[in-house]
A.B. asks: 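Submitted below is the structure of interest, expressed as structure tokens.
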Amino acid sequence: MDSEPPVVPSETSRPSLLSPNGDECKNGDSPSTANSHTDVDSAKTENDSLGDGCKGPGVMSKRQMKKLIKQKQWEDQRELRKQKRKEKRQKRKLVRQAQVTQNQEDHLNKRTRREIRPSNMRLVIDCSFDDLMALRDVKKLNKQIRRCYAENRRAIHPVQLYLTSHGGQLKSNMEEYDKGWINWKDIHIKSEHYKDIMKHEDLVYLTSDSPEVLHELDEAKAYIIGGLVDHNHHKCIIEKWTFAGNYL
């Protein structure tokens with residue numbers, strides 16, 4: 001008796017598998033495999049939806065990381081800040097001590113000023129060499145005159161300070177760079193020559209070119225210093241003019 005050929009089920013007649021949630025499993029996937037795919041997709045979707053501050057337990061956000069770094073830096077620099085505060089306190093202490101010392105010196109200077117005894121001796125700066133100097137030398141002369149004035153003001157026995165033949169480049173330079181000279185005190189600024197305002201017998205011209213050495217000062221005399229900055233370009237000019245009768 002002839003046997004019947006076996007019946008092979010077709011694709012359409014193959015029974016479908018259902019996943020636990022009721023979805024049909026295709027391509028030969030078992031229910032467990034299909035379920036695992038679903039869990040991975042849902043987990044990925046959930047992670048994508050999380051922000052920086054919501055990454056799950058045990059995960060630190062960027063903001064928390066920056067805050068932790070700053071806090072660590074603050075702790076590490078604690079000793080440095082302490083040392084800086086100590087240095088500032090010491091600096092303020094030194095400033096206070098310096099102020100106290102300065103106040104004491106000012107008080108001493110004021111007391112000294114009350115004990116000043118002016119001298120009758122006259123010291124004359126002869127400014128009649130203006131045409132023999134370049135402008136840069138005139139500026140140097142101006143600085144030297146200002147220093148002489150300042151030192152004489154601070155002296156315990158100040159002399160009677162004179163500027164004679166004041167004019168020309170020197171006056172222009174003083175007006176341009178030091179207009180306060182008009183208000184100078186304890187100084188006689190004259191445009192006249194010194195021989196026109198002082199007696200001839202009282203005049204003593206001081207120069208390094210003279211062979212005579214001065215051993216003592218006479219308060220009745222007027223001692224003259226040449227206001228000439230020439231770097232030895234006009235050597236012995238004061239001595240020559242003095243002997244020629246131009247000054248004395």
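Numbering starts at 1 and runs along the sequence shown.
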A.B. asks: Any side-chain heavy-atom pair from K143 and K140 closer than 4.5 angstrom?
C.D. replies: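 No. Closest side-chain heavy atoms not under 4.5 Å.
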
A.B. asks: To the closest 0.5 Å, what do you measure between CG (D218) and OH (Y223)?
C.D. replies: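 D218 CG to Y223 OH: 5.0 Å, rounded to 0.5 Å.
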
A.B. asks: Looking at R122 and D202, is there a salt bridge between them, counting it only when a charged N and a carboxylate O are closer than 4.0 Å?
C.D. replies: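 Looking at R122 together with D202, the answer is yes, because their closest N to O distance falls below 4.0 Å.
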
A.B. asks: Would you say the side chain of K199 lies within less than 4.5 Å of the side chain of L203, judging by non-hydrogen atoms?
C.D. replies: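 Contact flag for L203/K199 side chains = no.
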
A.B. asks: Provide the closest heavy-atom pair for N152 versus D186 in the form atom of the first, atom of the second, distance.
C.D. replies: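 Answer, listing the atom of N152 first, then D186: ND2-O, 4.2 Å.
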
A.B. asks: Check whether any side-chain heavy atom of L217 lies under 4.5 Å from a side-chain heavy atom of M121, and answer yes or no.
C.D. replies: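 Side chain of L217 against side chain of M121, heavy atoms only: contact under 4.5 Å found.
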
A.B. asks: Could you check whether any side-chain N or O of Q169 sits under 3.5 Å from a backbone N or O of M133, counting only pairs where one atom can act as donor and the other as acceptor?
C.D. replies: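 Such a contact is found between Q169 side chain and M133 backbone.
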
A.B. asks: Under a 3.5 Å distance rule, please check whether E192 uses its side chain to pair with a backbone N or O of I197 as donor and acceptor.
C.D. replies: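 It does not hold such a pair.
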
A.B. asks: Between I224 and Y194, is there a side-chain heavy-atom distance shorter than 4.5 Å?
C.D. replies: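 Of all side-chain heavy-atom pairs linking I224 with Y194, at least one is under 4.5 Å.
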
A.B. asks: Drop me the distance from S165's OG to L170's CG, to the nearest 0.5 angstrom.
C.D. replies: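 Separation between the atoms: 10.5 Å.
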
A.B. asks: Please enumerate all residues that pass side chain to side chain donor-acceptor pair (under 3.5 Å) together with E151, with sequence neighbours excluded.
C.D. replies: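 For E151, the residues satisfying side chain to side chain donor-acceptor pair (under 3.5 Å) (neighbours in sequence not counted) are R154.
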
A.B. asks: Got a sec, which residues hit side chain to side chain donor-acceptor pair (under 3.5 Å) with D76, two or more places apart in sequence or on another chain?
C.D. replies: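 With sequence neighbours excluded, D76 shows a side chain to side chain donor-acceptor pair (under 3.5 Å) to K72, given in chain and number order.
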
A.B. asks: When you look at NZ of K171, are more than 12 heavy atoms from neighbouring residues, nucleotides or ligands closer to it than 6.0 Å?
C.D. replies: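 No.
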
A.B. asks: Say whether D126 and Y205, considering side chains only, have a donor N or O and an acceptor N or O under 3.5 Å apart.
C.D. replies: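 Judged by distance alone, the side chains do pair up.
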
A.B. asks: Report yes or no: does K221 contribute a side-chain atom to a donor-acceptor pair with the main-chain N or O of E201 at less than 3.5 Å?
C.D. replies: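 The answer is yes, because a donor-acceptor pair under 3.5 Å joins these two groups.
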
A.B. asks: Given 3.5 Å as the limit, does a donor-acceptor pair link the side chain of Y149 with the main chain of K185, or not?
C.D. replies: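 A pair under 3.5 Å: yes.
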
A.B. asks: Nearest 0.5 Å please: distance from the CG atom of N120 over to the NE2 atom of H157.
C.D. replies: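 N120 CG to H157 NE2: 12.0 Å, rounded to 0.5 Å.
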
A.B. asks: Does the side chain of L163 come within less than 4.5 Å of I145's, by heavy atoms?
C.D. replies: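 A side-chain contact exists here, since the closest heavy-atom pair is under 4.5 Å.
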
A.B. asks: Does a side-chain heavy-atom distance below 4.5 Å link V229 with Q144?
C.D. replies: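 Contact flag for V229/Q144 side chains = yes.
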
A.B. asks: Do you know the tightest heavy-atom contact between H166 and W181?
C.D. replies: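 Closest heavy-atom pair between H166 and W181: CE1-CH2, 3.6 Å.
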
A.B. asks: Give, for atom SG of C148 and atom CD1 of I225, the distance between the pair rounded to the nearest 0.5 Å.
C.D. replies: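 So the SG of C148 and the CD1 of I225 are separated by 6.5 Å.
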
A.B. asks: Considering only heavy atoms from C-beta outward, does the side chain of Q160 approach that of I187 to under 4.5 Å?
C.D. replies: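 Sidechains of I187 and Q160: no contact.
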
A.B. asks: May I have the step-by-step check of side chain to side chain contact (heavy atoms under 4.5 Å, CB included) for T101 and N103, ending in yes or no?
C.D. replies: CA-CA 5 Å; T101 303; N103 293 336; over 6 Å; no

A.B. asks: Can you get from V138 to Y177 by hopping between Ile, Leu, Val, Met, Phe, Trp and Tyr side chains that sit under 4.5 Å apart?
C.D. replies: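 No, it is not one cluster - the side chains of V138 and Y177 are not joined through contacts under 4.5 Å.
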
A.B. asks: Side chain to side chain donor-acceptor pair (under 3.5 Å) with R78: which residues, sequence neighbours excluded?
C.D. replies: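 Expected list: E75.
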
A.B. asks: Does any part of the side chain of L94, heavy atoms only, come nearer than 4.5 Å to the side chain of Q90, both counted from C-beta?
C.D. replies: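 No; the side chains remain at least 4.5 Å from each other.
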
A.B. asks: Tell me whether the guanidinium CZ or amine NZ of R81 lies under 6.0 angstrom from the six-membered ring centre of W74 and within 45° of its axis.
C.D. replies: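 Checked: cation-pi criterion met.
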
A.B. asks: Got a second to check how far N173's CG is from L141's CG, nearest 0.5 Å?
C.D. replies: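 The distance works out to 9.0 Å.
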
